[in-house]
**Student:** 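Sending over a structure as structure tokens; questions will come in a sec.
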Number of protein chains: 2
Amino acid sequence: MSAKREKILESKARKSQEELMGAVTLENITSDPRSQTVPTPSLRRLPLYLRLLRDYQAQGRTVVSCTQLASDLRFDPTQVRKDLALTKVGGRPKVGYPIAELIAAIEDFLGWRRTIEAVLVGVGSLGTALLGYNFSLYGLSIVGAFDSAPDKVGQVVHGREIMPIGYLTNFIRQRGIPMGILTVPASAAQSVAEMMVAGGVKAIWNFTSAALQLPDHVLVERADFSASLAVLTRALAHGARSLAPTIPKKEVT
Amino acid sequence: MSAKREKILESKARKSQEELMGAVTLENITSDPRSQTVPTPSLRRLPLYLRLLRDYQAQGRTVVSCTQLASDLRFDPTQVRKDLALTKVGGRPKVGYPIAELIAAIEDFLGWRRTIEAVLVGVGSLGTALLGYNFSLYGLSIVGAFDSAPDKVGQVVHGREIMPIGYLTNFIRQRGIPMGILTVPASAAQSVAEMMVAGGVKAIWNFTSAALQLPDHVLVERADFSASLAVLTRALAHGARSLAPTIPKKEVT
DNA sequence: GATAAATCGCGAATAATTTCTCTATTGGAG
DNA sequence: CTCCAATAGAGAAATTATTCGCGATTTATC
Ligand SMILES: NC(=O)c1ccc[n+]([C@@H]2O[C@H](COP(=O)([O-])OP(=O)(O)OC[C@H]3O[C@@H](n4cnc5c(N)ncnc54)[C@H](O)[C@@H]3O)[C@@H](O)[C@H]2O)c1
Ligand SMILES: NC(=O)c1ccc[n+]([C@@H]2O[C@H](COP(=O)([O-])OP(=O)(O)OC[C@H]3O[C@@H](n4cnc5c(N)ncnc54)[C@H](O)[C@@H]3O)[C@@H](O)[C@H]2O)c1
């Protein structure tokens, strides 16, 4: 049976990857006993709740039920309850959850109370947009911007002077920056990512379509436009026939 | 037992939402017999394979194995095989899959062979970046840009003249545009989305953080920065202690 | 041609996630 | 004070997604 060895081979390949995969992106980095394996889908939904909760709070409300949140997000109420349970904030029957507490708990859970510093590399269209965006509500602060184009270096974009790419690694190292944001062309992504890693970043937020090859201890998160686009286009192209008529039927609002 | 009625209530809430949820975003729109319920995670991974396949092709290769793809993406080889099976393109043992065929099949599967027209509303930082991006490889073409700011209207951005928001609904209706891209401030998102729906779009690509309330027949897909950020920040904030040292240990490359 | 190595493909097993069911609280109305 | 409706919470069940195990196929090599 030559099949025996084959299994071993593919299995080995799987094993070595295991530490980076799926929900695991989080778990293997997590040794903090508080953080039980958090379901990644739940983790990704938490910012949505947070956003809504802030709205409610701005409207002067102090409590909110799962039912309300679920209805606004078109989620299942039970799912909302499960997700919120992660924060350990308890709700009261017939009333709901205390909004202020929940906001604080979610922010804490996500690490958005304490600001994380990041550098951004590639001040093109997208990089410029991100530089202009205020991430303070998301616990993020972009403290340095880098580019390789000579005409960009020295320019001030949204209050930050663009530095030459050659300074990147040292800047990260000296300041102990934990995160790099990648908005260079895909072709430059790997080499820039390696510079970031050389400087010591622990995580990379990758807006390019490149599949980065980096050491396992670096967490790479794709901010992938194409994934969500795929869901849309697939539905439009293959399901359009059954979509509702152009003039929408009246719905409950 | 008053509980009885309660169950009925929450169940009803769930039922009415069922048609919009999770993987279902796709399925309930899909009546095409070809398209069996496609696992959403797989669907979202397909663009990644496509991207790599195009690279391989540019390098002159004609076939590629799951093992190779899996290794480049740090996925499980079996998962890659399952995902590619969606395309019905068969691979040959010991050789792999024909790259050209696979590319065509994935493009077709995603609906990226035939261009879908879209309008973009909100030509700010992000909107401008998107307008400048070439989505032709993604089967998308932004054919109109709108904004409400008087000083923006009439400007030409990336070859497109910005139109006043008042023209939006008619533009969509007259041209039969199926998709709207939302890059306005969150506070304006709901009202702009309603204009899009009034014009007859079938899908909305929502870059804002707003939770849109729209009729069920409109497919809304979030292009959510905060979700992926949540994964990163949570890991950095709560798992940093166990992350590798600043100076990365040597790894296989 | 026989043999070995790589890989596909399929069905089974496992794991993760979502949804359901039931019970217990809570606040308000009569 | 009692009843009712709304809701949280916890565990079970169902669903969905991933991973495994195995046999079959193909190519290269001896
Ligand atoms: N613009 C969008 O809307 C959009 C959408 C989806 C994905 N993306 C992705 O984001 C990335 C950036 O897109 P963009 O439209 O901003 O591109 P861009 O060309 O406008 O900007 C790229 C920037 O990176 C700089 N750069 C190039 N090589 C570099 C290097 N080696 N080191 C440092 N800087 C370097 C360039 O000088 C330029 O300023 C791309 O990978 C793109 O695929 C962009
Ligand atoms: N800039 C980013 O990097 C970034 C990142 C994540 C999310 N977003 C989201 O994308 C959206 C846009 O962000 P931005 O940074 O481009 O904002 P922006 O303020 O730069 O642009 C918003 C644009 O929308 C226009 N607008 C406002 N109200 C409008 C209306 N009713 N009708 C038509 N146009 C209207 C404004 O005139 C402006 O041009 C926001 O919801 C933001 O949360 C942006």
Side-chain angles (χ1 to χ4, degrees), chain A residues 1-18 20-27 36-45 63-71 75-98 102, chain B residues 1-15 17-18 20-27 36-45 63-71 74-98 102:
Chain A
M1 294 297 124
S2 57
K4 222 8 36 100
R5 210 176 327 256
E6 175 261 337
K7 249 153 297 157
I8 292 163
L9 256 177
E10 282 210 348
S11 285
K12 209 179 306 179
R14 271 194 291 257
K15 265 312 106 48
S16 77
Q17 282 148 216
E18 199 165 84
L20 274 192
M21 294 260 328
V24 191
T25 8
L26 182 69
E27 280 68 27
Q36 305 287 37
T37 56
V38 177
T40 304
S42 299
L43 182 52
R44 299 174 62 93
R45 280 188 298 266
V63 290
V64 68
S65 71
C66 282
T67 321
Q68 177 69 57
L69 283 162
S71 148
F75 287 172
D76 182 292
T78 308
Q79 184 169 63
V80 175
R81 229 172 269 145
K82 277 255 155 72
D83 289 342
L84 297 187
L86 291 172
T87 67
K88 312 274 200 255
V89 174
R92 294 213 321 239
K94 190 71 192 257
V95 176
Y97 297 82
L102 250 195
Chain B
M1 295 296 122
S2 57
K4 243 309 102 73
R5 209 175 329 255
E6 176 261 337
K7 248 153 294 155
I8 291 162
L9 255 179
E10 282 210 348
S11 283
K12 211 182 303 179
R14 271 195 289 259
K15 270 292 104 63
Q17 283 149 214
E18 198 165 84
L20 274 191
M21 293 261 327
V24 192
T25 9
L26 181 69
E27 279 70 25
Q36 305 287 38
T37 57
V38 177
T40 304
S42 299
L43 182 53
R44 297 175 63 93
R45 281 189 296 267
V63 290
V64 67
S65 70
C66 283
T67 321
Q68 176 71 57
L69 283 163
S71 147
R74 316 281 218 132
F75 286 173
D76 183 292
T78 308
Q79 184 170 64
V80 175
R81 227 172 271 145
K82 275 257 155 70
D83 289 342
L84 296 187
L86 290 172
T87 66
K88 311 275 200 253
V89 174
R92 293 212 321 234
K94 190 68 194 266
V95 175
Y97 297 81
L102 249 196

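In what follows, chains carry the letters A, B, and so on, assigned in the order in which the sequence lines appear, proteins first and then strands, with residues in each chain numbered from 1.
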**Student:** Looking at Arg81(B), does any N or O in its side chain come under 4.0 Å of the phosphate oxygens OP1/OP2 on dC8(C)?
**Tutor:**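 True: Arg81(B) side-chain N/O within range (under 4.0 Å) of dC8(C) OP1/OP2.
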**Student:** Counting only side-chain N and O atoms of Tyr97(B), is one of them less than 4.0 Å from OP1 or OP2 of dT26(D)?
**Tutor:**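 Answer no for this pair, as no side-chain N or O of Tyr97(B) is under 4.0 Å from OP1 or OP2.
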**Student:** Would you say Arg45(B) places a side-chain N or O within less than 4.0 Å of OP1 or OP2 belonging to dT18(D)?
**Tutor:**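 Looking at the OP1 and OP2 atoms of dT18(D), one of them is under 4.0 Å from a side-chain N or O of Arg45(B).
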**Student:** Does any donor-acceptor pair link the side chain of Lys94(B) with the base of dT27(D) at a separation under 3.5 Å?
**Tutor:**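 Indeed, a donor on one side and an acceptor on the other fall under 3.5 Å apart.
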**Student:** Got Tyr97(B) and Arg81(B) here, is their nearest side-chain heavy-atom distance under 4.5 Å?
**Tutor:**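 Yes. Closest side-chain heavy atoms under 4.5 Å.
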**Student:** Rounded off to whole Å, could you give me the CD-to-C1' distance for the Gln79(B) and dT14(C) pair?
**Tutor:**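 Taking atom C1' of dT14(C) as the reference, CD of Gln79(B) is at 14 Å.
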**Student:** I need the minimum non-hydrogen distance between Pro98(B) and Gly90(B), along with the two atoms involved.
**Tutor:**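 The answer is CD-O, 3.6 Å.
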**Student:** Can you figure out which of dC8(C), dT18(C), dA17(D) approaches the side chain of Pro41(B) most closely?
**Tutor:**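 Given the options dC8(C), dT18(C), dA17(D), the side chain of Pro41(B) is closest to dA17(D).
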**Student:** Could you give the CD-to-C1' distance, from Gln68(B) to dA6(C), as a whole number of Å?
**Tutor:**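 The answer, rounded to whole Å, is 13 Å.
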**Student:** Please round to the nearest 0.5 Å and tell me the distance separating atom NZ of Lys88(A) and atom CG of Leu102(A).
**Tutor:**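 Spacing of NZ (Lys88(A)) from CG (Leu102(A)) equals 13.5 Å.
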**Student:** Heavy atoms, side chains only, cut-off 4.5 Å: are Pro41(B) and Arg44(B) in contact?
**Tutor:**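 Pro41(B) vs Arg44(B): side chains apart.
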**Student:** Taking CZ from Arg44(B) and C1' from dA17(D), how many angstroms apart are they, rounded to a whole number?
**Tutor:**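 Result: 15 Å.
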**Student:** Whole angstroms only, please: what is the CG-C1' distance between Asp83(A) and dG9(D)?
**Tutor:**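 After rounding, the gap between these two atoms is 14 Å.
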**Student:** Measure CG/Asp76(A) against P/dT16(D) and give the value in whole Å, please.
**Tutor:**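 In whole Å, dT16(D) P lies 13 Å from Asp76(A) CG.
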**Student:** With hydrogens left out and only the distance checked, is there a donor-acceptor pair under 3.5 Å joining Lys82(A)'s side chain and the base of dT19(C)?
**Tutor:**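 Answer yes: a donor N or O sits under 3.5 Å from an acceptor.
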**Student:** Answer yes or no: does a side-chain N or O of Arg92(B) lie under 4.0 Å from OP1 or OP2 of dT25(D)?
**Tutor:**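 So the side-chain polar atoms of Arg92(B) never come under 4.0 Å of the phosphate oxygens OP1 or OP2 of dT25(D).
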**Student:** Let me confirm one number: the CG-CG distance from Asp83(B) to Asp76(B), rounded to the nearest 0.5 Å.
**Tutor:**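 These two atoms lie 10.0 Å from each other.
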**Student:** Please report, rounded to the nearest Å, how far the P atom of dA10(D) is from the CG atom of Leu84(A).
**Tutor:**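 Distance check: Leu84(A) CG to dA10(D) P gives 13 Å.
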**Student:** Once hydrogens and angles are ignored, does a donor-acceptor distance under 3.5 Å link the base of dG9(D) to the side chain of Lys88(A)?
**Tutor:**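 No such pair is found, so the answer is no.
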